[in-house]
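The structure under discussion appears below in the form of structure tokens.
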Amino acid sequence: MLLIDVVRVSEAVTRTSARLGKIGHLAELLGRVGAGEAEIAIAYLSGELPQRQIGVGWRSLQDLPQPKLAATATLTEVDELLSTIKAVSGQGSQAARKALVSRLFAGLTRQEQAFMLRLLGGELRQGALDGVMIEAVAKASGAPSADVRRALTLRGWLPAVGAAALTGGVPALRAFRLEVGRAVSPMLAGSAPNVVTALAKAGAPASLEWKLDGIRVQVHRSGGEVKVFTRTLDDITGRLPELVEAVLELPSDDLVLDGEVIALRPDGRPHPFQVTASRASSKVDVARLREQTPLSVFFFDLLRVDGADLLDLPYSDRQEALGRAVPPGLLTPRLVTDEVAQAEKFFTDVVRAGHEGLVVKSLSSPYAAGRRGAGWVKVKPRHTLDLVVLAAEWGHGRRQGKLSNLHLGARDPEGGGFVMLGKTFKGLTDELLAWQTERFLELAEGPADELTVRVRPELVVEIAFDGVQRSPRYPGGMALRFARVLRYRPDKRAEDADTMETVRSLML
DNA sequence: TTCCGACAGTGGGGTCGCAAT
DNA sequence: ATTGCGACCCCACTATCGGAA
């Protein structure tokens with residue numbers, strides 16, 4: 001199949017707003033792609049590469065060669081070139097990589113180049129990713145989408161699942177099994193503003209569990225071999241030797257566990273997330289690092305033990321099995337209750353202990369990939385500050401032409417000005433975007449560039465955030481974590497905004 | 001007919017490893 | 001030694017579609 005066939009379908013998908021219409025376009029193409037190229041087509045049309053990543057980002061895609069006039073590139077040819085680029089990137093030479101990228105784009109028409117640019121940049125923006133592609137695979141193969149989802153949970157990679165469905169139908173999908181040593185798509189959590197709402201979503205009684213601010217890990221053990229995967233299924237076994245050792249000490253030698261690693265201080269309270277992240281992403285001199293900053297692991301789910309797959313069991317059964325397989329010291333603290341007062345106290349306690357909050361889990365739900373639905377619901381406390389808008393950046397995509405991303409500052413009584421604490425684009429409705437664009441242009445002052453409009457510091461906005469962290473980037477040495485807009489405060493003037501002193505008091 | 005679950009899009013701060021400067 | 005880039009940790013929120021109620 002030619003690349004241009006895929007590009008045309010992607011364009012049709014982009015033009016179609018109805019989801020069923022998008023699915024129709026995708027399924028039509030999947031119906032005519034050859035077995036040898038199905039995996040490539042599915043990957044491209046859900047915004048992925050069969051190679052996952054190839055070491056090429058937006059910067060390596062500047063000044064590309066002139067396009068060709070005739071579209072002749074096949075999917076297989078493009079795929080082979082991308083594999084070559086990945087191999088060269090792994091070996092280091094940026095010049096060689098650049099030459100290969102040029103060769104790839106020199107073989108494409110203008111239309112194909114535009115598609116490839118978005119695909120490699122990781123921003124396909126056609127309104128269809130995995131969720132829509134699952135339905136398209138189901139439609140094209142005649143299999144129920146539940147079978148496709150189930151296979152995706154077990155296999156963790158939709159292009160492989162989709163290709164199997166197209167050639168082998170339902171039997172091929174049902175042939176996927178949990179394989180120890182191969183990562184499963186992780187189950188994710190939705191969120192709720194408070195414990196009561198979370199309990200209502202998950203259904204009482206529910207399991208309430210400490211939400212630790214660390215790194216999600218999926219751990220596989222087969223005999224004496226252990227593998228550790230992240231949420232995006234990267235293998236990070238080599239960075240976490242203490243986790244490997246802990247799992248090797250468990251009585252069972254056939255396990256798939258789900259949990260969180262986190263750096264704790266000697267008194268048991270958590271280090272800031274940055275400390276855990278730094279430790280978990282370091283590959284060099286791990287032996288020394290683990291002495292300085294040991295990581296602890298806390299498991300909360302068990303997907304397999306001693307030859308038995310547990311994914312389809314209700315959560316309460318998996319918990320029971322987990323309790324038998326893992327000693328109490330490696331278990332995430334939890335409480336099963338249907339009483340709001342008890343639940344609220346548990347929440348207060350975990351926050352007082354310095355942790356992030358709770359995950360409230362339905363006792364009956366099986367383990368299912370993706371689906372940030374009602375099965376698991378997270379609850380975290382929320383801080384707010386009244387800050388001043390210092391500037392705004394022009395948005396992209398559906399926010400094109402709107403001033404979107406706000407630069408936020410706290411008042412600095414000593415210096416007499418405002419100190420920037422970060423940016424946010426979250427929480428804005430279309431109406432608010434329109435309003436603030438107009439208002440900011442009225443308040444515009446100082447040097448502007450193509451990206452940013454500076455404004456007189458007069459508008460006060462109420463910002464919600466999860467915490468204050470140490471920042472190497474911002475002038476005050478502090479930045480807000482997960483900042484989002486709650487509302488503008490027309491009743492407040494800049495002189496009434498919160499101060500740096502207040503922000504400092506929130507940083508632990 | 002209305003409601004609500006699932007999805008995609010729009011970007012945020014921080015860290016490491018590596019190549020080029 | 002420093003800088004820029006790519007990849008990947010953590011992530012919240014709104015608009016929209018279409019099936020459920």
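Protein chains get the first letters and strands the later ones, always in sequence-line order, with residue 1 at the start of each.
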**Minimum-distance nucleotide to Arg59(A) side chain [options: dG14(B), dC16(B), dC5(C)]** =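 Looking only at side-chain atoms, Arg59(A) lies closest to dC5(C).
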
Answer with base, sugar-phosphate or nothing: what part of the nucleic acid does [X] contact at a heavy-atom distance below 4.0 Å?
X: Ser17(A); value: sugar-phosphate
X: Ala18(A); value: sugar-phosphate
X: Ala277(A); value: nothing

With a 4.0 Å limit, can you tell me whether [X] has a side-chain N or O closer than that to the phosphate oxygens OP1/OP2 of [N]?
X: Trp58(A); N: dG6(C); value: yes
X: Arg484(A); N: dC13(C); value: yes
X: Ser278(A); N: dC16(B); value: yes
X: Gln274(A); N: dT15(B); value: yes
X: Arg473(A); N: dG14(B); value: yes
X: His396(A); N: dG11(B); value: yes
X: Ser282(A); N: dT15(B); value: no
X: Gln53(A); N: dC8(C); value: yes
X: Ser471(A); N: dG13(B); value: no

**For dC7(B), the Watson-Crick or wobble partner whose two distances fall under 3.5 Å** =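 Because no pair has both required distances under 3.5 Å, dC7(B) counts as unpaired.
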
**Step-by-step salt bridge (Lys or Arg N to Asp or Glu O under 4.0 Å) determination, Arg484(A) to Asp466(A)** = CA-CA 10 Å; Arg484(A) 60 269 191 190; Asp466(A) 277 25; 2.9 Å; yes

**5' precedence on DNA chain B between Ser89(A) and Leu124(A) (nearest-nucleotide basis)** =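 Between the two, 5'-proximity favours Leu124(A).
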
**Request:** Establish, from distance only, whether the side-chain atoms of Thr332(A) and Glu209(A) form a donor-acceptor pair under 3.5 Å.
**Result:**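 No donor-acceptor contact under 3.5 Å links the two side chains.
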
**Request:** Would you please indicate yes or no on a ring centroid separation below 6.0 angstrom for Phe300(A) and Trp210(A)?
**Result:**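 Between Phe300(A) and Trp210(A), which both carry aromatic rings, the centre distance is not below 6.0 Å.
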
**Asked** If you take all heavy atoms of Leu212(A) and Glu260(A), which pair is closest and at what distance?
**Response**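 Here Leu212(A) and Glu260(A) meet closest at O-OE2, 3.1 Å.
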
